[in-house]
Amino acid sequence: MNMVKNKEVSIEGALHLAQKEGYADKDSQDLLTGSLFNYSIYKYKHYRWQKRILQIDFNTKTIFNIEKGIIKKQFPFSQVKSCEDTERRRFSIVFHGRQDYELEAVSLDDKRKIMYLLSRVMQSNSCRRPGEPCLERAAECDVVHEGVLDLQQNAFMSTEWVKYLVQLREGELTLYCIGLGAESKNACPAMNTIHLSGGNVSVSKENECGTFLVQTKGHNYLFRIPFTVQNYRTEVVSKLRNEWVSLIERYCELCKGGSLSQEESQGDTSSEADYENVTVALNEQKEEALHFDVSAAATSLNKPSNSQTKPVKGDVAPASASTPVPISKVEVPPAPPAFFQSCSLSPLAKRTKAFHWDVVPCDKIPKSIWGSCDPGKKKIDASRLCEQFQVQDVAVFSGNEPSVNQHIMLDRKIAHNFSIFLKSFRVKPSELKEKLYIIHEESGGLTDEQITTLRRYMLTPKDAEKYQSFRGCPSELHIVDQFMLEMCKIPHLGQRLDLLLAVRELPVSMGDLEPLINQKIQASKQLHSSQKFIAVLEYILAIGNHLNENAGKEKAKGFRLSSLTKLSLLRGKERTFTLLHALVEQLSLHEPDLVKFAQELTEFEAVPDASMKGLSAEVDVLKKELENVTQCRRLIKPRTTKAMPQESQFCRELKDLIQKYEGDLSQLSKRCEEMKKLYSSVLVKFGEPQDLDSQELFGWISTFISEFRKACAEVMQ
């Protein structure tokens, strides 16, 4: 109310801010009550965005990266250093001693929730000292300082200041957009957070009165004290600026100290050799740009810039629908790319698609087969290769070629990347809406790749306002602007694209999970009913107790199944003879039939890498996706009886598919519950902890069976 009285914000801005805080409070309560959270995310690898599941487990204090039920990577909470909120749906997680994890959420809402959970992770780390257990701490910290600030946001040809309510808490700086929210109905009721806990955030005063710069690892945020009824004198503005800088600097130093002590406790950790490199999509677009003969000036936008360089007025920075756009690092604006230029190459010099292979280093060539290889001696059918792999230099639609220097309403960098996609997108702007009413690709609909790309170029509220205010002739616009203008006219475009992608992915995902879940059920049943395996374990217990008793140790009543992999490590007088060989001898001597115990455990001969924890996460995410599909259907369902035939047909097909998927997913969920129940009884039977994942347990047994067979062959020789 005081901000309205002081004319810092309008009444509409205050109402919108209250709505945002209401959403944040509701999410905070929902996210605080749970302990295990699963989200679909996309990860860039091998020129493709691969779908994964990001699981944040507060029980084990671990973050998991899961693909088709397989736990690909796991990161303890203590390794999380900070998280960076980047443009649109993308974000990155910064680790101690590991490469950054750059990801993309499937929706802005999911991204907001993930960022909130990561802030909880970092808060739990900040209250932790080396050598001490982490104490629980309230997820919401008290606000140390708050006020309304202007944040600079850059477009291609202009710079503007947008109002934000900024709140400083211990470990974070929270930004609530006020200026844009009241103007755009499409603005997402969300907030952006600058995390100070990573130890890589700095703050500095700028030359201009009342401005200061907050620098993170990937972004620069330029703030300004707004002139209001209360703040109209230069000395007052300067005093407020100094207060903000002093407080932020103090908490940055506190967090930096905690971060350094945490890194020391971590030790010198080198990156794993098999760590999966995550690259942003611009790398692929850079290659595409080179492939399509775009000018060198245009490709220079992908070159890295100095992180310490001050922002330059007029920098290009893509706008975001839900987060304030940080000032990008200094870059020379690229020259206008030559969009859709036709090539006049001779038939002999026609371009083909590139083959992105891994080249052998020059120093390895002489001693390899490649040193004596002469590819010139091999005859190839060049015409056949050209026929299959030639690049089609065809414009998207017939009409006047746009001028190279034609003005583009969209941000130049985004327009450049979008134009590369349009080169192979042979759909006219006017046909786009019709394509969205076709569910399946084989029926003439969009491909999965096209849908995914369109989702990434969804307009921000600011850009949408520009196009909605356009009153000229669409045909006079650049092809990029024509598509964006058409996308603006399609109601609920984002939800429609999400729906199409989910409807296609759901049956594939369920089909992939079903055999994996069935295999785990069979493995648990075999393990639960195998009497020979239990008899073998009894022999191992007897042998182990005999050795330990003679070594002066107490007898054990049972042992963890992880001990099975240690049998081959205890060597006898003969270096080739191990405790595993002794077990084979004892079984052969006393109960030869037990040597064939593996015949009762056939499912463990080739156990898939998928774990029950990962499979349960996959099923949980599928339920969420089906719920989103149902909500999207309600949202786009025609409200009147005068719907187009194509629209009515689309809704009928969608309804039938949803009903089918609900039935299939219900059966899959029942099988998943059966799997977890059987596995739980297996853990109880063998005295294992309930939080032990099947990937470990089944892996021990599988390894034991493999080594046992090898030992049998050696003993029988």
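Predicted model, so just to flag it, every value in this text is computed and none were measured.
- The two residues Glu625 and Ser40 have their closest heavy-atom pair at OE2-OG, 3.1 Å.
- One distance of note links CD1 of Ile93 with NZ of Lys81; it measures 14.5 Å at 0.5 Å rounding.
- Residue Leu678 holds its CG atom at 5.5 Å from OG of Ser524, rounded to the nearest 0.5 Å.
- Lys43 and Glu67 are not joined by a salt bridge, as no carboxylate oxygen comes within less than 4.0 angstrom of a charged side-chain nitrogen.
- Annotation for Gly69 and Glu618: closest pair N-OE2, 3.1 Å, computed over non-hydrogen atoms.
- Considering only heavy atoms from C-beta on, Ile63 stays 4.5 Å or farther from Tyr101 through its side chain.
- Nearest heavy atom pair, residue Leu657 against residue His440, reads CD1-NE2, 4.2 Å.
- Of the charged side-chain nitrogens involved, none lies within less than 4.0 Å of a carboxylate oxygen, so that Lys660 and Asp656 do not count as a salt-bridged pair.
- No side-chain donor from either of Ser92 and Asp100 sits under 3.5 Å from a side-chain acceptor of the other.
- A distance of 6.0 Å or more separates the ring centres of Tyr467 and Phe470.
- Atom NZ of Lys68 is surrounded by 12 or fewer heavy atoms from other residues, nucleotides or ligands within 6.0 Å.
- When Arg455, Lys51, Arg504 are each tested for a salt bridge (charged side-chain N to carboxylate O under 4.0 Å, His left out) with Asp448, only one passes: Arg504.
- The aromatic rings of Tyr457 and Phe418 sit tilted, their planes meeting at an angle between 30° and 60°.
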Practice item. Please test Glu662 against Arg633 for salt bridge (charged side-chain N to carboxylate O under 4.0 Å, His left out), starting from the C-alpha separation and ending with a verdict. Key: CA-CA 14 Å; Glu662 284 175 343; Arg633 176 181 170 270; over 6 Å; no
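- The distance from the NZ atom of Lys613 to the CG atom of Asn38 is 8.0 Å, given to the nearest 0.5 Å.
- A salt bridge links Lys676 to Glu673: one of the charged nitrogens lies within less than 4.0 Å of a carboxylate oxygen.
- From Tyr42, atom OH reaches atom CD of Gln50 across 11.5 Å, with rounding to the nearest 0.5 Å.
- Taking the side chain as every heavy atom from C-beta outward, Ile71 and Asp693 approach each other to under 4.5 Å.
- Remark: the Gln631 side chain and the Arg634 side chain contain no N/O donor-acceptor pair separated by less than 3.5 Å.
- Nearest approach of Val619 to Cys672, heavy atoms of both residues: CG2-SG, 4.1 Å.
- A donor atom on one side chain and an acceptor atom on the other are not found under 3.5 Å apart for Lys435 and Gln450.
- A salt bridge does not link Lys624 with Glu627: every distance from a Lys NZ or Arg NE/NH1/NH2 to an Asp or Glu carboxylate oxygen is 4.0 Å or more.
- Side-chain atoms of Asp620 never come within 3.5 Å of backbone atoms of Ser616 as a donor-acceptor pair (strictly under, hydrogens ignored).
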*asked:* Assess the residue pair Leu500 and Ile438 against the criterion (side-chain contact (heavy atoms from CB on, under 4.5 Å)); give the C-alpha distance rounded to whole Å, side-chain angles, the decisive distance to 0.1 Å, and a yes or no.
replied: CA-CA 9 Å; Leu500 282 176; Ile438 305 173; over 6 Å; no
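- Across Ala105 and Ile41, no two heavy atoms sit closer than the pair CA-CG2, 4.3 Å.
- The distance from atom CG of Asp498 to atom CG of Asn628, rounded to the nearest 0.5 Å, is 8.0 Å.
- Geometrically, Arg98 does not engage Phe75 in a cation-pi contact, judged by NZ or CZ lying under 6.0 Å from the ring centre and within 45° of the ring axis.
- Checked by atom type, the side-chain pair Glu486/Ser430 shows no donor-acceptor distance below 3.5 Å.
- With hydrogens and angles disregarded, no donor-acceptor distance shorter than 3.5 Å links the side chain of Arg90 to the backbone of Glu104.
- The shortest heavy-atom contact between Met675 and Leu615 is SD-CD1, 4.0 Å.
- Paired with Gln649 under the rule side-chain hydrogen bond (donor to acceptor under 3.5 Å, both in side chains), one option of Glu647, Glu653, Gln646 passes, and it is Glu653.
- Remark: Leu683 CG to Ser694 OG distance equals 9.0 Å, nearest 0.5 Å.
- The ring-ring contact (aromatic ring centres under 6.0 Å, His included) analysis of residues 648-674, with sequence neighbours excluded, yields the pairs Tyr437-Phe650.
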Could you go through the side-chain contact (heavy atoms from CB on, under 4.5 Å) check for Leu499 and Leu654 one step at a time? CA-CA 10 Å; Leu499 184 147; Leu654 187 59; 3.6 Å; yes
